[in-house]
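This report concerns only the one structure given below.
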Amino acid sequence: MDLLELREQIDAIDRQIVSLYEQRMEICGQVAEYKIETGKKVFDRQRETEKLAAVKSLTHNDFNRHGVEELFEQIMSMSRKLQYQLLAQHGSMGRLPFIEVEELETQKARVVFQGAEGAYSQAAMTQYFGEQIQSLHVDTFREAMSAIDEGSADFAVLPIENSTAGIVSEIYDLLVEFENYIVGEQILQINHCLLGVPGAKTEDIRTVYSHPQSLMQSSRFLAGHDWRQISMQNNAFAAKKVADEQDKSQAAIASEHAAKVYGLEVLRQGVNQEKDNSTRFIIVTNQKIFRKDAAKVSICFELPHQSGSLYHMLSHFIYNNLNLCKIESRPIEDRSWEYRFFIDFEGNLADSAVKNALRGLRDEARNMKILGNY
């Protein structure tokens with residue numbers, strides 16, 4: 001037989017496959033109707049495991065066995081997604097425990113940030129909330145999360161990602177631990193400056209203080225000077241130390257905002273080598289709310305440690321035509337080599353496609369949590 005004849009045979013088989021697929025999906029629709037009436041869950045892991053074992057037993061070699069397993073995993077996945085869609089159309093999806101609001105209540109709000117006065121977090125806070133906002137600052141990210149969790153502050157401003165240094169892993173872990181939720185974000189351009197006391201010159205400097213990350217980001221500039229480099233908990237603490245001690249031989253690498261707060265002079269602008277350096281800050285509160293115009297959803301979930309589990313979770317975004325913005329993973333405490341996944345995707349919690357995807361994820365993943373819509 002020539003190639004053309006073989007292809008014609010394949011085309012004929014494919015037409016049968018398509019016809020049988022449509023028949024199967026029609027019956028799946030009837031299954032969904034039954035589940036709507038009885039309140040039965042869409043995802044039945046035991047039934048699917050038994051079904052995969054049954055169809056694999058019909059094959060005649062290992063290659064086909066593996067292929068049929070993969071094929072039927074996809075077919076059953078599409079069946080579930082159809083059932084979730086029908087559930088949504090019948091209003092049987094259940095309400096998400098988040099309240100839609102027109103605007104955030106920021107008037108008279110108290111906002112907490114980590115670090116001293118002059119920190120980049122404070123600059124991000126004033127950009128988002130305005131100069132007149134009531135604020136307080138704490139030493140650690142955990143204290144900031146505790147402040148809104150306990151109600152001593154209404155919002156917290158926390159750095160979650162830097163364009164050059166990557167994620168702030170502690171923030172991801174705290175979002176899981178605390179019942180606090182993201183309601184906004186602010187991107188802040190990072191422009192490290194060399195700060196000294198009034199009257200100091202670059203040639204006077206002998207010691208430079210800053211956060212280790214800022215020292216690393218300014219390493220090319222620092223390599224041109226024989227200065228002692230000392231790490232500090234925070235850039236603003238470094239600026240405060242230089243201002244308090246009024247020693248012309250000391251300098252800090254911090255923001256221009258810190259220079260204004262502590263009365264220091266900018267001896268050199270832009271000492272960080274990466275000029276497109278920026279940090280994404282999240283605005284967090286203890287209320288399950290989202291703005292009507294929110295356009296990004298953040299979630300996290302855990303998965304069984306088995307082949308294809310992440311792939312099947314991501315298929316919910318593909319099927320619902322949702323665009324992923326970011327995916328990160330963090331190790332799960334006390335469970336070696338198991339990971340929690342953090343995903344940002346475009347959408348609003350009021351959208352039917354988002355509800356559909358989240359319903360599927362909630363049923364099929366472990367410990368799925370909506371971290372916020374903003």
Side-chain angles (χ1 to χ4, degrees), residues 111-127 135-150 152-153 155-175 177-178 180 186 188-197 205-219 221-222 227-247 249-264 266-268 271-274 277-284 330:
V111 183
V112 62
F113 64 92
Q114 181 270 337
E117 295 281 338
Y120 281 114
S121 293
Q122 185 184 35
M125 177 192 71
T126 55
Q127 278 194 23
S135 67
L136 63 147
H137 54 93
V138 292
D139 290 341
T140 67
F141 297 138
R142 176 173 289 278
E143 287 174 314
M145 288 293 260
S146 294
I148 51 173
D149 186 54
E150 296 163 359
S152 57
F155 299 96
V157 179
L158 301 165
I160 194 166
E161 179 184 13
N162 179 266
S163 58
T164 60
I167 67 168
V168 184
S169 57
E170 184 182 351
I171 301 299
Y172 281 87
D173 296 339
L174 290 171
L175 284 168
E177 180 181 343
F178 285 84
N180 296 329
Q186 180 68 49
L188 184 71
Q189 184 74 27
I190 303 299
N191 183 38
H192 295 323
C193 301
L194 183 70
L195 311 181
V197 298
I205 305 304
R206 297 289 177 270
T207 307
V208 176
Y209 300 93
S210 194
H211 187 275
Q213 194 176 93
S214 300
L215 293 171
M216 178 193 69
Q217 292 170 346
S218 308
S219 58
F221 169 75
L222 293 170
W227 295 336
R228 186 183 175 206
Q229 299 175 32
I230 298 179
S231 297
M232 298 285 288
Q233 180 184 355
N234 183 286
N235 289 359
F237 289 135
K240 184 177 186 302
K241 176 179 174 60
V242 171
D244 288 346
E245 297 185 4
Q246 288 293 304
D247 183 343
S249 72
Q250 295 183 351
I253 290 177
S255 66
E256 193 169 358
H257 174 68
K260 291 176 184 175
V261 169
Y262 293 109
L264 298 175
V266 177
L267 306 182
R268 180 76 176 267
V271 298
N272 47 305
Q273 53 261 23
E274 181 58 64
N277 187 5
S278 58
T279 296
R280 182 165 71 99
F281 291 83
I282 53 173
I283 316 302
V284 182
R330 292 282 300 139

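It should be emphasised that the depicted structure is a prediction, and the values quoted were computed from it without experimental measurement.
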Going by heavy atoms in the side chains, are I167 and I160 under 4.5 Å from each other?
no

Evaluate the side-chain proximity of I282 to L175: yes if any heavy-atom separation is below 4.5 Å, no if none is.
yes

Residues in side-chain contact (heavy atoms from CB on, under 4.5 Å) contact with [X], at least two apart in sequence or another chain:
{"X": "T279", "answer": "P159, N162, I190, F281"}
{"X": "Q246", "answer": "V197, P198"}
{"X": "Q114", "answer": "F141, Q233, N234"}

Determine all donor-acceptor pairs shorter than 3.5 Å in which one atom belongs to a side chain in residues 251-261; sequence neighbours excluded.
{"residue": "S255", "atom": "OG", "partner": "H257", "partner atom": "N", "Å": "3.4"}
{"residue": "S255", "atom": "OG", "partner": "A258", "partner atom": "N", "Å": "3.0"}
{"residue": "E256", "atom": "OE1", "partner": "Q269", "partner atom": "NE2", "Å": "3.3"}
{"residue": "H257", "atom": "NE2", "partner": "Q122", "partner atom": "OE1", "Å": "2.9"}

Residues passing the side chain to side chain donor-acceptor pair (under 3.5 Å) test with R228, sequence neighbours excluded, are none

Quick one: salt bridge (Lys or Arg N to Asp or Glu O under 4.0 Å) pairs with a partner in residues 159-171, sequence neighbours left out?
E161-R280, E161-K326

For a side chain to side chain contact (heavy atoms under 4.5 Å, CB included) with Y209, tell me which candidate from K241, Q229, K240 qualifies.
K241

By ring pair (Phe, Tyr, Trp, His ring centres under 6.0 Å), Y120 pairs with (sequence neighbours left out) H192

Who are the ring pair (Phe, Tyr, Trp, His ring centres under 6.0 Å) partners of Y172, not counting sequence neighbours?
F342

Just to verify, what does [X] make a salt bridge (Lys or Arg N to Asp or Glu O under 4.0 Å) with, not counting sequence neighbours?
{"X": "E143", "answer": "none"}
{"X": "R268", "answer": "none"}
{"X": "R330", "answer": "D173"}
{"X": "E150", "answer": "none"}

Using every non-hydrogen atom in the two residues, find where Q250 and V242 come nearest and quote the distance to one decimal.
O-CG1, 3.7 Å

Measuring from F237:CZ to D139:CG, what's the distance to the nearest 0.5 Å?
4.5 Å

Distance (rounded to the nearest 0.5 Å) between L194 CG and F221 CZ:
5.0 Å

